There are 2 protein chains.
Amino acid sequence: MAVATASRVLSGSDHPVSARTRAKVLAAAAKLEYSPSALARAMVSPHSGLVGVLVSDIVNPYFAVIARGVDDVATRAGYVTMLSNVDRRTDTEIGRLRAMRDYRAAGVIFAGSGYVDDPRTPDLVKAVSRAREEGIRAVSLADRDLGCPTITVDNRAAAHDITDHLVSLCHRRIAFIEGPPGMTVTQHRRDGFLAAMSTAGLAEGAHCVPGGFDFEAGHAAAVRLMARPPLPDAVLAANDEVAVGALSALRQAGIDVPGEISVAGINDLRVAQHVGLTTVSLPLYEMGSMAARHIVESAQGEDAGDSATTTLSHRLITRETTARRTSTA
Amino acid sequence: MAVATASRVLSGSDHPVSARTRAKVLAAAAKLEYSPSALARAMVSPHSGLVGVLVSDIVNPYFAVIARGVDDVATRAGYVTMLSNVDRRTDTEIGRLRAMRDYRAAGVIFAGSGYVDDPRTPDLVKAVSRAREEGIRAVSLADRDLGCPTITVDNRAAAHDITDHLVSLCHRRIAFIEGPPGMTVTQHRRDGFLAAMSTAGLAEGAHCVPGGFDFEAGHAAAVRLMARPPLPDAVLAANDEVAVGALSALRQAGIDVPGEISVAGINDLRVAQHVGLTTVSLPLYEMGSMAARHIVESAQGEDAGDSATTTLSHRLITRETTARRTSTA
DNA sequence: TTGTAAGCGTTATCAG
DNA sequence: CTGATAACGCTTACAA
C-alpha cells in the first residue's frame, strides 16, 4: 500500500481505488487516528485552509459579530479562521496581512474602516495587490479603496434614514455625536445626517459634536451638551455604544428620555435591544459570512480580479428611546 | 549565493555569515519583498507559528476579552492566532482541536467551561493528551480536568465574596440566578453563594432560580421573581449580563435599585461599568495573555508535561446597584 | 564562511 | 487499479 493510495482515499480524490484497498486504508487511518498534515497539504495546494480576518478590536461587539460570521462559514467549509487585532493602525494591518500571506491564507478580510487621507493607505493597497497576485482573495467590509471586492452597507444612507425618522418625530434641533476623527465611516455618517437635515430644511438645527465610538465618548458628549443649554430635541450618535453612553448621562442627570429628548444610535448591537434603543440595524453577521463565502467559493477557481462593491441593506429599528416631540420649542 | 545562506540570515540563525554576504541577502530580500513561507518553515519546525483559541462564542464579551489577551501576546511573539467558536459543544471542541492539530499549532487554549458529567469529556481528554504527545501545548482557562495546565479563577470564592458583600449590607433573603444548567462554572458559583449564605446563618434566605448566561435569562428570572412576592433583599446573578437583564426588568417594573433591592453580577465586563453594577472583577485578559505566554515560552523547550493549576485572583467591585438594606423585613 | 543535499508530509504525474 | 517519484519551500546537518 503506497502513500499515494492512502492519499487518494483520504483526500477524496476521484482517482479510482478498489473498494477493498479503500477499506483497508480507511481502517488503518481510523486505528492510527491518523489525519493528514494540513501544513504539508498546504505546501502543494494553491492555498492553505486558512481564512484571515483583520479587526480593529475583537472586544468591540461590532467586530465580534463580523468575526462570528466569518468563522461560521469558514468552519463549515473546512477552513480555520485566523484573527488579528489591528487597533485601527494601518501599519499593523499591513503587518498582519503579511503574516497571513506567509501562511498562504485562502483570503483575508479587512473588517475595519479606514481613515480619510491616510498616508499609509497606498502601502496597504500595494500590499493587498501583491497578495492578490499570489492568489490570496481580499475582501473589504468598509468603504475604502483597497482594490479588492467590498461588501458593506451605505453608512450615509443609514444615518440619513434615522435622521429622517427623528425629523418625522418633529425634532428640529438635533445633535449628532460624531465617531472618531478622520475615519471614513465617521465622515459618511455625518454626511448622511447633515444631508437629511438639509433636505428637511433643518440645516440650522443640525449640530455636530465630537465623540468617538465608545460609551465614554457618548457619555462625555452628552455631559457637554447639557452644559450648554438648551438641550437639543434629539441626539443621534455615531453608533450604539455612544448612544448608550449619552443615554446614560442624560438619565443620570434626571432628563427624561424620550420624554424630553430622543436618543438614537446606529448598528443595532445586542446592547441596543437591551436598552430599547432606536437604531438602524446593519447586517454585520452577513457581511462577515458573505465575505468568507466569497473566499471559500472562489478559492478553487480563478480570482475574479474584480473590486466590485456589494452594498447590503440596513433597516430602521424603532424602540423606546425616541418619541414624538410634544413639548415647547 | 545559496538558498542555505539566505535562510541563515533571514531566519536569524547563529550560523556565521560574512557581513558582506548578509548585506547582499538582506538587500535582495528587501528588493524582492521576499518573506519566507511560514508553511514550509513549519514543515521543518517542531510547530507552526499558530496559536489556537477555542471559545464558546466570540460575540460573548467574556471570550472576546480572553481572545484579545491571547492575540496580543501571540502577535508580539511573532505568532498568528487561530480562533474557533465551539458553542459549548464538546464534540465541536474535539473537532476544532483536531483541525488546529492538523496545522501543528504551537498550542491551543480552551477558554470555555465544561459540563459536569459530560459523556464526551473523556474523548476530549484523550484528544488533548494525543495533541500534547505531538508537542502541542494545551491550556485550559476553566476548572475542568483536561489533563493540561489550567489558568483560572476561583469561581466559588468569587461568588462567596460577593455574597458576603451582600450580606454585609444587611441583606438576608438573597436570590441567586444560576448559569446554564450543568456547566461546571454554574455549579461552582452556586456553591460559593450557598456556602456564604450558610456560613452567615442565612441558609433559609438563600434562593436559587434557574437562569443562563445572557441578558434575556436575567430579565426572565427577575420577572419570575417579581411574580412571586415578596421580593428578595438582593439578587446575585451568575454573571454581569444576567445581572443587567435582571436590573432592567426590575427597573422597568418600577422597582428602585438599589433602594428596594440590590443587584450584583460576576465578571466585571464593560457593561458592568456602564450600568454601575456591583460585581467581582475577573482577570480575563490576563488569563488569555498568560495562557498564550505559556505556549510561546515553552514552545522552544520541552513541555513541562504538567497539569498544574494557576489560580488568578479576583476583586470585589462595589458600584451603585447595591446598597445597605434600610427598609422593612 | 559558503555550498550541497536530505528531509518534512502531501498531492499529482506518469508508469506499470 | 496501484505504485514510485517529483515537487512544494524551508532548515539543518555535513562537506568543502
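Only a predicted model underlies this, so the values are computations on that prediction, with no experimental measurement involved. Convention: sequence-line order gives letters A, B, ...; per-chain numbering from 1.
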Which part of the nucleic acid, if any, lies within contact of B:Val17, taking any heavy atom under 4.0 Å across all strands shown: a base, the sugar-phosphate backbone alone, or nothing? sugar-phosphate
Do the charged groups of A:Asp91 and A:Arg89 touch, with an N to O distance under 4.0 Å? no
Side-chain N or O of B:Thr5 less than 4.0 angstrom from OP1 or OP2 on C:dG3? yes
A:Asp102 CG to D:dG9 C1', straight-line distance once rounded to whole Å: 12 Å
Distance-only donor-acceptor test, B:Arg104 side-chain atoms vs C:dG9 base atoms, 3.5 Å: no
Side-chain heavy-atom pair B:Arg270, B:Pro61 within 4.5 angstrom cut-off: no
So, with a heavy-atom separation below 4.0 Å from DNA chain C, the residues of residues 26-38 of chain B are none
Heavy-atom distance under 4.5 Å between the side chains of A:Tyr103 and B:Leu39, does that happen here? yes
Figure out the OH/C1' separation between B:Tyr103 and C:dC8, and round it to whole Å. 17 Å
Nearest-Å distance for atom pair CG/C1', residues A:Leu39 and C:dT11: 15 Å
By nearest atom, which of the nucleotides C:dT1, C:dG9, D:dT11 is closest to the B:Met43 side chain? C:dG9
OP1 or OP2 of C:dT11 sitting under 4.0 Å from any side-chain N/O of A:Ser7? yes
Looking only at N and O atoms, is any donor in the side chain of B:Arg20 or the base of C:dT2 less than 3.5 Å from an acceptor on the other one? no
Taking atom C1' of D:dC1 as reference, at what distance in whole Å does atom CZ of A:Arg8 sit? 8 Å
Starting from C1' on D:dT11, measure out to NE2 on B:His47 and report it in whole angstrom. 14 Å
Would you mind reading off the distance between B:Arg41 atom CZ and D:dT11 atom C1', rounded to a whole angstrom? 9 Å
Measure from the side-chain heavy atoms of B:Ala4 and tell me the nearest of D:dG9, C:dG3, C:dT13. C:dG3
To the nearest angstrom, the CZ-P distance between A:Arg22 and D:dG3 comes to 14 Å
Selection from C:dG7, C:dT1, D:dC8 that lies nearest to any side-chain heavy atom of B:Pro16: C:dT1
Would you call A:Asp71 and A:Arg68 a salt bridge, using N to O less than 4.0 angstrom? no
Polar side-chain atom of B:Arg132 near backbone of B:Gly147 as donor-acceptor pair, under 3.5 Å: yes
Do any side-chain nitrogens or oxygens of A:Thr21 fall under 4.0 Å of OP1 or OP2 in D:dC1? no
Do B:Asp118 and B:Arg144 come close enough that some side-chain heavy atom pair is under 4.5 Å? no
Which residue, B:Ala40 or B:Val3, contacts DNA chain C at a nucleotide closer to its 5' end, judged by nearest heavy atom? B:Val3
Between the main-chain N or O of A:Asp72 and the side-chain N or O of A:Thr75, is there a donor-acceptor pair closer than 3.5 Å? no
Examine distances only and state if a side-chain atom of B:Ser11 and a backbone atom of B:Ser7 form a donor-acceptor pair shorter than 3.5 Å. yes
Pick the closest DNA chain C nucleotide for A:Leu10 and for A:His15 by heavy atoms, then say which residue is nearer the 5' end. A:Leu10
Axis-to-axis angle for the helix from C:dT1-D:dA16 to C:dG16-D:dC1, ends of five pairs each, to 10°, equals 50°
Close side-chain approach of B:Leu50 to B:Met100, heavy-atom, < 4.5 Å: no
Does the side chain of B:Val125 come within less than 4.5 Å of B:Asp145's, by heavy atoms? no
